[in-house]
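Notes follow the structure.
Predicted model, so just to flag it, every value in this text is computed and none were measured.
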Amino acid sequence: MVALRAAPEWRTVQWFNTDAPLSLGALRGQVVMVCAFQMLCPGCVSQGLPQAQRVAETFRTQDVRVIGLHTVFEHHEAMGPKSLEAFLHEYKLTFPVGVDEPDGLGIPHTMRAYDLRGTPTTLLIDRKGRLRRHAFGHLPDLQLGAEIMALLTEAPLATNVNET
């Protein structure tokens with residue numbers, strides 16, 4: 001686990017598999033698992049994305065929200081929104097996926113805000129909006145499930161707005 005700090009808000013330019021853009025603020029009260037990926041990343045395709053889909057299918061949406069973050073830092077031309085839309089359809093990924101906003105310098109905004117080293121990266125955010133896990137590479141399913149359950153068993157989000 002990482003030191004407790006507020007998770008930075010995502011900066012996205014487009015969303016798939018959701019009717020409206022999502023924000024961390026709107027997901028307060030739920031555990032959020034973010035799978036940062038690139039569709040041409042072999043580790044993302046073979047491990048990260050299938051794991052995210054399993055988590056999405058295992059936990060109730062009102063408890064755990066799985067979010068994909070397509071954060072392109074290489075091969076920009078090959079991984080545009082049209083290609084991503086076809087990719088999500090072909091791989092039958094059903095959880096919401098946001099496209100990280102490019103910064104014009106090659107590293108997207110959200111990738112930079114979270115200091116991501118690459119993809120796949122798993123982020124776990126607790127019900128209070130704090131970043132609790134930042135893992136580059138693959139996490140074993142059992143470990144990830146245990147960490148999600150630990151976050152779910154913590155005290156629910158307090159109604160006192162002054163609590164952090």
Side-chain angles (χ1 to χ4, degrees), residues 1-18 20-39 41-73 88 93-101 103 107-164:
M1 296 282 181
V2 295
L4 296 182
R5 68 176 172 108
E9 189 58 70
W10 309 309
R11 286 182 59 178
T12 56
V13 294
Q14 189 171 355
W15 283 89
F16 295 92
N17 298 336
T18 182
L22 299 174
S23 70
L24 278 175
L27 297 175
R28 263 303 153 91
Q30 298 172 295
V31 171
V32 178
M33 176 195 162
V34 177
C35 176
F37 74 99
Q38 294 188 101
M39 64 184 176
C41 162
C44 299
V45 173
S46 66
Q47 295 179 329
L49 291 169
Q51 182 178 60
Q53 186 65 42
R54 288 191 301 274
V55 171
E57 292 168 356
T58 300
F59 291 94
R60 297 180 320 162
T61 303
Q62 60 265 37
D63 295 326
V64 178
R65 290 301 301 263
V66 175
I67 306 296
L69 179 68
H70 193 240
T71 185
V72 178
F73 57 90
L88 296 172
L93 299 174
T94 59
F95 50 85
V97 173
V99 176
D100 200 355
E101 181 181 346
D103 71 353
I107 303 296
H109 286 285
T110 308
M111 182 179 198
R112 189 177 306 281
Y114 279 90
D115 295 322
L116 301 182
R117 293 178 22 213
T119 57
T121 294
T122 300
L123 305 169
L124 291 179
I125 300 164
D126 69 17
R127 293 189 261 193
K128 295 180 181 181
R130 300 174 301 189
L131 180 63
R132 300 290 293 272
R133 180 66 143 128
H134 181 278
F136 173 56
H138 178 69
L139 283 173
D141 282 358
L142 189 58
Q143 179 182 353
L144 179 59
E147 290 184 26
I148 290 170
M149 285 305 299
L151 293 176
L152 285 172
T153 60
E154 291 179 352
L157 185 63
T159 56
N160 181 353
V161 294
N162 295 322
E163 184 180 335
T164 58

Original post:
Can you tell me how far the CG atom of D126 sits from the CG atom of L152, to the nearest 0.5 Å?
Top reply: 10.5 Å
**OP:** Could you tell me which residues satisfy side chain to side chain donor-acceptor pair (under 3.5 Å) with Q143, sequence neighbours excluded, listed by chain and number?
**Re:** E147
Subject >> L93 backbone acceptor or donor facing N17 side chain under 3.5 Å >> reply: yes
Original post:
Is the backbone of E154 close enough, under 3.5 Å, to the side chain of R127 for a donor and an acceptor to pair up by distance?
Top reply: yes
Original post:
Are the side chains of Y114 and V34 in touch, meaning some heavy atoms are under 4.5 Å apart?
Top reply: no
Subject >> Spatial distance of atom OG1 (T121) from atom CZ (R133) [nearest 0.5 Å] >> reply: 11.0 Å
**OP:** Would you check if V64 and L151 make a side-chain contact, meaning some heavy-atom pair closer than 4.5 Å?
**Re:** no
Original post:
Should F136 and D115 count as side-chain neighbours, where that means a heavy-atom distance under 4.5 Å?
Top reply: no
Original post:
About how many Å separate CD of Q47 and CG of L139, when rounded to the nearest 0.5 Å?
Top reply: 10.5 Å
Subject >> Validation row: Q51, D141 side chains within 4.5 angstrom (heavy atoms) >> reply: yes
**OP:** Report the C-alpha separation of L124 and L144 in whole Å, then their side-chain angles, then the decisive distance to 0.1 Å, and conclude whether the side chain to side chain contact (heavy atoms under 4.5 Å, CB included) test is met.
**Re:** CA-CA 9 Å; L124 291 179; L144 179 59; 4.1 Å; yes
Original post:
In Å, rounded to the nearest 0.5 Å, how long is the span from OG1 of T119 to CE of M39?
Top reply: 12.0 Å
**OP:** List the steps, then state whether side chain to side chain contact (heavy atoms under 4.5 Å, CB included) holds for L49 with C35.
**Re:** CA-CA 7 Å; L49 291 169; C35 176; 4.0 Å; yes
Original post:
Does the D100 side chain pair with the main chain of M111, one donor and one acceptor, at a distance under 3.5 Å?
Top reply: yes
Subject >> Side chain proximity check, T71 to T110, heavy atoms < 4.5 angstrom >> reply: no
Original post:
Under 3.5 Å, side chain of Q53 to main-chain N/O of T94, donor-acceptor pair present?
Top reply: yes
Subject >> Donor-acceptor pair, side chain of H138 and main chain of G43, under 3.5 angstrom >> reply: no
Subject >> V99 side chain near T12 side chain, heavy-atom distance below 4.5 Å >> reply: no
Original post:
In Å and rounded to the nearest 0.5 Å, what is the CG to OG1 distance from L116 to T122?
Top reply: 10.5 Å
Subject >> 4.5 Å side-chain heavy-atom contact, F37 and V97 >> reply: yes
Original post:
Are I67 and L27 close enough that some pair of their side-chain heavy atoms sits under 4.5 Å apart?
Top reply: yes
Original post:
For K128, does its backbone N or O pair with a side-chain atom of R28 as donor and acceptor, under 3.5 Å?
Top reply: yes
Subject >> Working for side chain to side chain contact (heavy atoms under 4.5 Å, CB included), residues L22 and W10 >> reply: CA-CA 9 Å; L22 299 174; W10 309 309; 4.2 Å; yes
Subject >> R112 side, atom CZ; I107 side, atom CD1 - distance, nearest 0.5 Å >> reply: 6.0 Å
Original post:
Between Q38 and C44, is there a donor-acceptor pair closer than 3.5 Å when you use the side chain of the first and the backbone of the second?
Top reply: no
